[in-house]
2 protein chains.
Amino acid sequence: MEEGTSKEPSHSCCTEEAFQWDTREDCDVRQILDRIGDKWSLLVIALLDDRSMRFTELKRTIDGISQRMLTVTLRQLERDGLVLRTVYPVVPPRVDYELTPLGVTLHDTIQSLVTWTEKHQTEIATSRARYDAAAAVPVV
Amino acid sequence: MEEGTSKEPSHSCCTEEAFQWDTREDCDVRQILDRIGDKWSLLVIALLDDRSMRFTELKRTIDGISQRMLTVTLRQLERDGLVLRTVYPVVPPRVDYELTPLGVTLHDTIQSLVTWTEKHQTEIATSRARYDAAAAVPVV
DNA sequence: CTGTATCCCATCCGATACTG
DNA sequence: CAGTATCGGATGGGATACAG
């Protein structure tokens, strides 16, 4: 194994003076958000919409993912209870992945994030270009 | 400067056989999702709700962030047009950060992600514990 | 087909010191 | 107060080879 799957987080949340939400490093929320934020998890969840997919199918669909990282990512999502892994005892082996009910609820939220991104990508690209241009040619 | 701010992405999207959405590595969507997914951006946007905050105030509020990473993160968000940086020419300097209109629209989506996480953290923690227990004590 | 194990490098990012 | 510069350790993740 590799890439620590442990490191226990604390449990209490918002114990301070009720600011907004717990921003402490070891907070559960941060632990989970870090998972969402890794390079591939969000992609996998977004792809596993209402149907199940085989390992190779996922690998083909997600451009650039290595076999290793797909395995690691799927294991983490399975551990989190977001993805269900089904092994068919045939040869050659067949393994299907699908979202659990919990995973489906997350899918919706993630989908809205993807939609937001698609919708505003032009604005962001424009903003970046303007920012870079301004930095390259100071007012003088 | 540091940590590449360039690396131009391609523009077309979903040019394949109209699968779902472009999962290619250099897609705009991926570029932006990577930003969302970095260690601190999501935190900063979530925190900058309807009010502006000073640099030090952000630093105090976000547990564990270094001065360096707060600066880097804020610069990226400014470049993306999500955060507005206002410098007051006083001494000692005062710099306020607030969400742009674009940033506000993203804030809503991100907030729903944070809410999801808060709501389901117990389920996930339980799932993880069960997974780890099963792994530690195989069926035999 | 679906993994696991190993190697190894790119980058992320924290610590620290210095500046206007 | 609000940065910037530099260094160096940790870690994410790709390439490759091997296995059930």
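All values below come from the heavy atoms of this structure, side chains included, with hydrogens, waters and symmetry mates left out. Small disclaimer: the values here were computed from a predicted structure and weren't measured. Here is how names work: the chains are called A, B, and so on, in the same order as the sequence lines, proteins then strands, and each is numbered from 1.
In this structure, CD of A:Gln76 is placed 13 Å from C1' of D:dT11, rounded to the nearest angstrom. Atom-to-atom, CH2 of B:Trp40 to C1' of C:dT11 comes out at 16 Å; the value is rounded to the nearest Å. In this structure, A:Ile65 atom CD1 and D:dG14 atom P are separated by 7 Å, rounded to whole Å. The CG atom of A:Asp38 sits 13 Å away from the P atom of C:dC13 (whole-angstrom rounding). Distance, B:Ile62 CD1 to D:dA2 C1': 15 Å, rounded to whole Å. Atom P of nucleotide C:dA15 and atom CG of B:Leu70 are separated by 14 Å, given to the nearest angstrom. Per the geometry, CD belonging to A:Glu78 stands 14 Å off C1' belonging to C:dT2, to the nearest Å. We find that CG of B:Asp96 is positioned 12 Å from C1' of D:dC1, with the value rounded to whole Å.
Checking D:dA17, D:dG3, D:dG14 against the side-chain heavy atoms of A:Gln67 singles out D:dA17 as nearest. The nucleotide whose nearest atom lies closest to any side-chain atom of A:Arg68 is, among C:dA5, C:dT2, D:dG3, C:dA5. Closest to the side chain of A:Thr71, out of D:dG14, D:dA2, C:dG3, is C:dG3.
Using a 4.5 Å heavy-atom threshold, the side chains of A:Leu106 and B:Leu113 count as touching. Here the side chains of B:Leu77 and B:Leu48 are not in contact, with every heavy-atom distance at 4.5 Å or above. Inter-residue side-chain proximity for B:Arg128 and A:Ile32 is flagged as met; some heavy-atom pair is nearer than 4.5 Å. Side-chain contact between B:His107 and B:Asp49: present, with at least one pair of heavy atoms (C-beta onward) separated by less than 4.5 Å.
Here A:Tyr97 does not reach the OP1 or OP2 of C:dC1: none of its side-chain N or O atoms lies under 4.0 Å away. The side chain of A:Lys39 places an N or O atom within less than 4.0 Å of a non-bridging phosphate oxygen (OP1 or OP2) of D:dG14.
Between B:Arg51 and B:Glu57 there is a salt bridge, with a side-chain nitrogen of the basic residue lying less than 4.0 Å from a carboxylate oxygen of the acidic one. Between A:Asp96 and A:Arg94 there is a salt bridge, with a side-chain nitrogen of the basic residue lying less than 4.0 Å from a carboxylate oxygen of the acidic one.
In the region residues 82-94 of chain A, proximity to DNA chain D at under 4.0 angstrom, judged on heavy atoms, holds for A:Pro93.
A:Trp116 pairs with exactly one of B:Asp108, B:Thr105, B:Thr109 by the side chain to side chain donor-acceptor pair (under 3.5 Å) rule, that one being B:Thr105.
For the helix from C:dC1-D:dG20 to C:dG20-D:dC1, the angle separating the two terminal helix axes comes to 50°, with each axis derived from five pairs and the value rounded to 10°.
In the hydrophobic cluster analysis, where Ile, Leu, Val, Met, Phe, Trp and Tyr join through side-chain heavy atoms closer than 4.5 angstrom, A:Val95 is grouped together with A:Val72.
Nucleic acid contact for B:Thr56: sugar-phosphate only, since backbone atoms but no base atoms lie under 4.0 Å from a heavy atom of the residue.
Evaluation of the salt bridge (Lys or Arg N to Asp or Glu O under 4.0 Å) rule for A:Glu123 yields no partner, not counting sequence neighbours.
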